[in-house]
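Comments concern the structure below.
None of the values given here were measured: they were computed from a predicted structure. Remember, it's 1-based here, ligands and their atoms both numbered in the order they're listed.
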Amino acid sequence: MPFPADFTWGAAAASYQIEGGHDADGKGPSVWDMMCRWEGRIHEGHSGDVACDHYHRYREDVALMKQIGLTAYRLSLSWPRILPEGVGTVNEPGLAFYDRLVDELLGAGIEPWVTLFHWDFPLALFRRGGWLNRDSAEWFGEYAAIVAARLGDRVRCWMTHNEPQCFIGLGHGSGVHAPGLKLPFSEQLLAGHHAMMAHGRAVQALRQGAKRPPRIGWAPVGVIKYPAGNDEAHLEAARRATYACTERHLWNLTWFSDAVLKGEYPADALEAWGDEAPAARNGDMALMHQPLDFFGVNIYNALPVKAADNAAGYEEVKRYEGFPITLFGWPIEPDSLYWGPRFIHERYGLPVVVTENGLSNPDVIDLDGRVRDPQRIDFTRRYLLRLEDAIGDGIPVEGYFHWSVMDNFEWAEGYKHRFGLIYVDYRTRQRVLKDSAHWYAKVIAGNGKALHEAV
Ligand code: IFM
């Protein structure tokens with residue numbers, strides 16, 4: 001079955017990873033600006049100070065997106081660019097940048113999909129306790145209202161948080177990401193609780209303040225298990241494993257998703273985590289549980305499981321030796337784009353949008369100036385074919401955003417990893433469309449037909 005005629009073919013990026021302009025025109029610092037100044041925390045001392053310099057080169061970037069034929073571009077807003085202190089006085093030039101970017105995109109026939117929070121939390125608010133402060137829900141609501149009032153006449157598609165599993169788990173648990181905290185599990189859960197309340201406030205603010213009726217979702221990590229074999233028992237095992245939330249960490253699908261989509265934390269987690277789970281006050285869960293229009297999900301891989309005669313009813317299956325991996329070491333698992341949307345839709349009932357998917361690859365500019373990245377083409381083709389299968393089986397998948405539109409700052413890994421369809425030379429900031437970008441252009445032009453043609 002072909003992709004629906006109105007399928008969204010996009011690519012994504014995030015403010016801190018591409019914009020640069022870290023102190024331009026009144027922008028305030030974020031926790032990532034802080035973390036990048038700590039010695040030894042980021043690969044080879046890299047930072048997002050300049051990054052791809054998208055802040056100054058967005059016109060050129062939008063022109064390249066148009067060349068690829070993207071129907072949508074998923075961007076994120078830098079909260080401290082708009083509100084240097086996180087709340088209070090608005091930095092007009094910061095907001096004006098997003099105004100211009102949105103207009104440029106619309107002028108190029110590209111629909112902007114806007115994420116409110118992709119990890120660059122205002123440093124000023126971190127100093128007031130960050131997500132551990134219950135007031136953070138109101139701070140985020142204030143920011144969302146400002147954005148809705150300014151961009152909501154043109155932007156239709158919104159996402160609140162990107163990957164709470166990461167900004168809480170890696171940012172407040174392992175400390176690998178900003179703000180670099182290593183908190184006890186109960187405190188991580190508390191920070192997450194407030195972040196989910198903030199999600200709720202933002203949804204309310206967008207619905208109230210946006211002139212154009214908004215379509216709102218979010219973009220958590222899709223932590224997915226898939227059946228290692230074809231029979232029904234393995235399928236049921238994979239479903240159970242995908243929904244299970246008992247291990248004492250945040251790499252699961254349901255802890256945040258049940259709160260947001262069902263207004264309750266999963267019962268198995270509450271039982272397993274006991275007193276460590278946050279004590280929700282009256283109204284907290286209802287605030288998190290705002291109606292959403294789509295379930296955005298970032299999927300890179302998944303884990304095979306099989307049915308087992310144990311208490312859980314499933315067990316993980318070890319991958320064979322030499323299993324294909326990306327430069328990051330992430331397993332290449334195209335089945336994740338079939339089972340992820342399917343299990344998510346089955347549990348939460350919403351249409352699904354793949355808000356991120358892609359790979360890191362050791363791309364280089366060849367002597368002739370071309371960037372050949374057959375691995376990216378093959379990876380994306382395999383994944384999209386499985387997404388097409390999901391659509392064929394009746395799963396409502398509305399869009400796909402490749403991560404990323406361009407090479408960028410990969411957080412603690414600095415510029416080591418290249419995820420882009422567009423190559424960025426960080427010495428000159430020169431951009432080159434990779435072979436994958438030309439191939440993706442064909443896929444988009446034929447609404448997926450090129451996936452079935454030899455490359
Ligand atoms: O670069 C990140 C992005 O910011 C969030 N999702 C995963 C990507 C690759 O690691």
Identify, for [atom], the protein heavy atom at the shortest distance, and state residue, atom and that distance.
atom: atom 1 (O) of ligand 1; value: E410 OE1, 2.6 Å
atom: atom 6 (N) of ligand 1; value: E356 OE1, 2.5 Å
atom: atom 8 (C) of ligand 1; value: Y300 OH, 3.4 Å

**OP:** Would you please say whether a donor-acceptor pair under 3.5 Å links the side chains of Q17 and N408?
**Re:** yes

Original post:
Q17 to ligand 1: N or O pair under 3.5 Å?
Top reply: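 Yes; at least one N/O pair falls below 3.5 Å.
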
Original post:
ligand 1 and E163, any nitrogen or oxygen pair closer than 3.5 angstrom?
Top reply: yes

**OP:** Could you walk me through whether H417 and F328 pass the ring-ring contact (aromatic ring centres under 6.0 Å, His included) test, one step at a time?
**Re:** CA-CA 7 Å; H417 291 287; F328 226 131; 3.9 Å; yes

Whether [Y] and [X] form a salt bridge (side-chain N of Lys/Arg under 4.0 Å from carboxylate O of Asp/Glu) is what I want to check.
X: R74; Y: E356; result: yes
X: R207; Y: D293; result: yes
X: R59; Y: E104; result: yes
X: D49; Y: R37; result: yes

Original post:
Using heavy atoms and a threshold below 4.0 Å, how should the contact between N162 and ligand 1 be classified: side chain, backbone, both, or neither?
Top reply: side chain

Original post:
Which is it for H118 and ligand 1 at heavy atoms under 4.0 Å: side chain, backbone, both or neither?
Top reply: side chain

Original post:
Relative to the heavy atoms of W330, which atoms of ligand 1 are at a distance of less than 4.0 Å?
Top reply: 9 (C), 10 (O)

